[in-house]
Number of protein chains: 2
Amino acid sequence: MGRGITIEDVARAAAVSRQTVSRVINHSPRVSPEARARVEEAITALGWVPSLAARSMAGGRSRMLLAVFQGPASGTPLALPLDQLLLAGTAVCNAQGYRLLFEQLAPGITAAAGTAQLAATLGAAEPDGVILLPPLDSRSDLGALIEGRGIARESLAIAGHAPANAGEAAAQHLAGLGHRQIAFIAGAADPAVSQFNLAGYRRVLAAKGSRAHGHFVAETPPDLGAALELARSWLAPTIRPTAIITESAATALVVLHVAATLKLAVPRDLSLVALEDSPALGSSRPPIAVLHAPAGAPFAAACKRLIARKEARGESPSAEHAALPATLELIERASLARAPRAI
Amino acid sequence: MGRGITIEDVARAAAVSRQTVSRVINHSPRVSPEARARVEEAITALGWVPSLAARSMAGGRSRMLLAVFQGPASGTPLALPLDQLLLAGTAVCNAQGYRLLFEQLAPGITAAAGTAQLAATLGAAEPDGVILLPPLDSRSDLGALIEGRGIARESLAIAGHAPANAGEAAAQHLAGLGHRQIAFIAGAADPAVSQFNLAGYRRVLAAKGSRAHGHFVAETPPDLGAALELARSWLAPTIRPTAIITESAATALVVLHVAATLKLAVPRDLSLVALEDSPALGSSRPPIAVLHAPAGAPFAAACKRLIARKEARGESPSAEHAALPATLELIERASLARAPRAI
DNA sequence: TTGAAAGCGCTAACAC
DNA sequence: GTGTTAGCGCTTTCAA
């Protein structure tokens with residue numbers, strides 16, 4: 001039905017010129033209140049929505065952002081929480097009248113072919129801004145290509161690829177609660193990430209003069225059986241951790257279960273933090289706290305910044321493109337408490 | 001650098017008119033081989049990529065598909081494997097020169113507001129086709145809105161919302177392997193899905209004359225402790241299931257662990273199938289088979305069909321929009337075997 | 001087989 | 001403040 005309504009129709013209905021309609025939808029101050037009112041009324045009456053394609057052609061702004069990521073090797077699980085990015089990103093973009101497009105660079109693709117693919121997309125879609133997702137954020141050739149076209153760029157660094165260290169932060173937080181006997185159980189999908197977190201954890205304990213990292217560390221992801229045994233062997237003795245950091249959500253649940261069987265109350269006798277979230281952690285008894293890098297928020301922030309740059313007519317494409325600091329988020333849940341007085 | 005190359009530049013370089021260039025990129029047969037060759041050479045030489053916006057305006061085809069989904073209520077995990085859809089969808093679309101856009105309808109949004117939001121997006125982006133993702137696939141008002149604009153539509157039905165019943169299929173498969181004592185442990189995020197699977201499972205067992213569904217069924221998702229107990233209580237006795245279906249991946253791992261402690265060999269003494277995949281299932285010993293509805297494939301198929309309809313100049317928007325049958329995929333892994341002779 | 005003309009719907013300059 | 005004039009880069013007629 002509504003197909004075919006143009007700015008012309010709106011202009012006629014409001015008895016103004018197309019330009020005035022254009023000024024209204026572009027928030028130009030140079031429109032009289034009366035005209036503006038008539039135009040807005042006509043717009044809603046007709047249900048008109050300006051065509052992105054037309055605006056793109058005429059205005060030189062596509063109101064479109066492009067997020068580029070590296071596709072997973074076949075069978076490999078994707079390292080990126082794409083759904084979170086999509087959710088957070090589209091929400092921000094849509095709110096500002098922008099669209100967000102995702103572009104997948106084939107996993108095993110050569111540098112040259114990848115550049116070509118991106119170049120093609122840039123040419124076709126003419127995005128107003130591009131976000132390079134890890135591990136592409138470090139590809140300077142892609143960055144150069146983008147900025148060479150005069151397009152704004154942001155690079156997203158997230159957990160594991162990032163300066164922020166969840167292992168360190170978790171240990172720090174627990175130490176702040178008075179804990180000294182803090183354990184760590186690896187379980188990240190990527191061993192490199194585990195090493196990174198582990199190093200951070202060790203740093204904190206060393207700084208606090210604790211030697212728990214000598215006794216209470218599992219460097220490799222345990223399966224269910226191993227995790228059960230491990231937790232039992234740590235928690236049954238009198239000298240035991242008062243807090244445990246687990247990289248995987250599953251292991252956190254195992255620890256919780258073992259604690260329960262040993263009559264250890266969480267969080268009174270044992271604090272628990274996972275470095276990975278999962279719905280199950282929120283519904284366990286008690287729910288288990290999580291410290292992780294929320295990918296959605298920084299991504300949304302990157303989108304916002306790109307849009308702001310365009311809106312501000314700021315023609316500073318190759319300006320700042322600092323990688324976002326990977327901020328960590330602590331989901332406080334009932335599994336955290338101050339350390340018991342003496343241990 | 002390359003910014004500003006237009007069809008005009010290519011035409012000049014190839015010593016033809018713009019039309020000829022246009023014909024070449026649109027695969028018109030009415031171009032001489034020589035002209036075509038010159039044009040193609042010029043295109044690659046200049047690195048020209050036709051502007052989507054311009055093509056959209058002039059041609060009436062945006063080469064853009066829109067996937068609409070319902071956003072998750074805050075805190076709620078998304079019911080849709082968005083990343084899989086994104087991966088599979090963009091791959092198919094990009095291969096055909098199309099783009100795929102995702103639109104999120106606010107979760108608690110009213111029907112009217114949802115329609116308005118979709119209408120706005122349809123007007124702005126002018127997609128060539130729209131895919132309604134569950135649970136939006138059943139919203140006839142949205143379907144009508146889309147087709148009213150002359151836009152092709154597909155609706156995707158996936159697991160749980162779909163005719164295909166993973167519980168039934170899993171039971172059927174195990175029965176085909178000779179199993180009669182087949183157990184079922186619920187664990188889907190959505191209880192309605194569990195009910196659905198459970199019903200299917202019961203149907204199969206009843207048809208086979210088995211009464212296992214009287215003894216070996218857990219209707220509510222057990223937590224870790226409950227799952228351990230449950231598995232032990234079922235597997236320790238002489239009369240026990242020879243196969244177990246678990247809805248959650250985590251529970252499958254628990255069962256595997258218990259079986260190991262009881263010296264039951266999987267799959268010799270016990271077959272195992274999960275209705276949810278997870279990387280951990282692939283790396284357990286033995287790896288655990290999965291039967292699930294892969295969302296990516298049917299979604300990609302829907303994209304393909306929408307594109308094909310456009311390419312075929314088939315102006316049959318309100319034509320067939322049959323919901324895709326939710327196909328199930330069995331990932332055969334070493335956890336499946338024929339039932340032991342006697343039990 | 002090819003080219004010329006005429007837009008698609010909107011915005012950027014300019015006038016008024 | 002408002003209208004007018006040109007296009008943006010491509011495809012669609014229609015002629016040749």
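None of the values given here were measured: they were computed from a predicted structure.
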Please report the C-alpha distance between E311(B) and R61(B) in whole Å, then the side-chain angles of each, then the deciding distance to 0.1 Å, and finally whether the salt bridge (Lys or Arg N to Asp or Glu O under 4.0 Å) criterion is met. CA-CA 10 Å; E311(B) 295 297 323; R61(B) 288 165 54 194; 2.8 Å; yes

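Atom CD of Q19(B) and atom P of dG9(D) are 15 Å apart (whole Å). In this structure, CG of D9(B) is placed 9 Å from P of dG9(D), rounded to the nearest angstrom. If you measure from atom CD1 of I5(B) to atom P of dC8(D), you get 16 Å, rounded to the nearest angstrom. The distance between atom CZ of R55(A) and atom P of dC8(D), rounded to the nearest whole Å, is 20 Å. Rounded to whole Å, the distance from CD1 on I7(B) to P on dA5(C) is 17 Å. Atom CE of M57(B) and atom P of dC8(D) are 13 Å apart (whole Å). In this structure, E126(A) places its CD atom 15 Å from C1' of dC10(C), rounding to the nearest Å. Separating the CD atom of E8(B) from the P atom of dC8(D) is a distance of 10 Å, rounded to the nearest angstrom.
Rounding to the nearest 0.5 Å gives a distance of 4.5 Å between CH2 of W48(B) and CD1 of I7(B). The CG atom of L105(A) sits 7.0 Å away from the CD atom of Q70(A) when rounded to the nearest 0.5 Å. Expressed to the nearest 0.5 Å, how far OG1 of T115(A) lies from CG of L122(A) amounts to 10.5 Å.
Heavy-atom neighbours of E329(A) CD from other residues, nucleotides or ligands within 6.0 Å: above the threshold of 12.
Note on R18(A): every side-chain N or O is 4.0 Å or more away from OP1 and OP2 of dC10(C). For dC10(C), neither phosphate oxygen OP1 nor OP2 lies less than 4.0 angstrom from any side-chain nitrogen or oxygen of S22(A). Of the side-chain N and O atoms in S51(B), none sit less than 4.0 angstrom from OP1 or OP2 of dG9(D). In this structure, T20(A) reaches the dG3(D) phosphate: one of its side-chain N or O atoms is under 4.0 Å from OP1 or OP2. Within the 4.0 Å cut-off from OP1 or OP2 of dG3(D), at least one side-chain nitrogen or oxygen of S17(A) is found.
With no hydrogens or angles considered, no side-chain donor-acceptor pair links T90(A) and N94(A) at under 3.5 Å. At a cut-off of 3.5 Å, with distance as the only test, no side-chain donor of T20(B) or R18(B) sits close to an acceptor on the other residue. Counted by atom type alone, T121(A) and E103(A) present one or more donor-acceptor pairs between their side chains at under 3.5 Å.
Heavy atoms of R30(A) sit under 4.0 angstrom from at least one base atom. Using a 4.0 Å heavy-atom criterion, one finds that A35(A) contacts the sugar-phosphate atoms exclusively. L52(A) comes within 4.0 angstrom of nothing in the nucleic acid, heavy atoms only. Contact annotation for V16(A): backbone-only contact, meaning every heavy-atom pair under 4.0 Å involves sugar-phosphate atoms and none involves a base.
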Dot-bracket line, read 5' to 3' along DNA chain D, where crossing pairs take [ ] and | marks a partner on another strand, Watson-Crick or G-U under 3.5 Å: ||||.|||||||||||

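Heavy-atom nearest nucleotides on DNA chain C were determined for V21(A) and for E34(B), and the one closer to the 5' end corresponds to E34(B).
For dG1(D), its base never sits under 3.5 Å from the side chain of R36(A) at any donor and acceptor pair.
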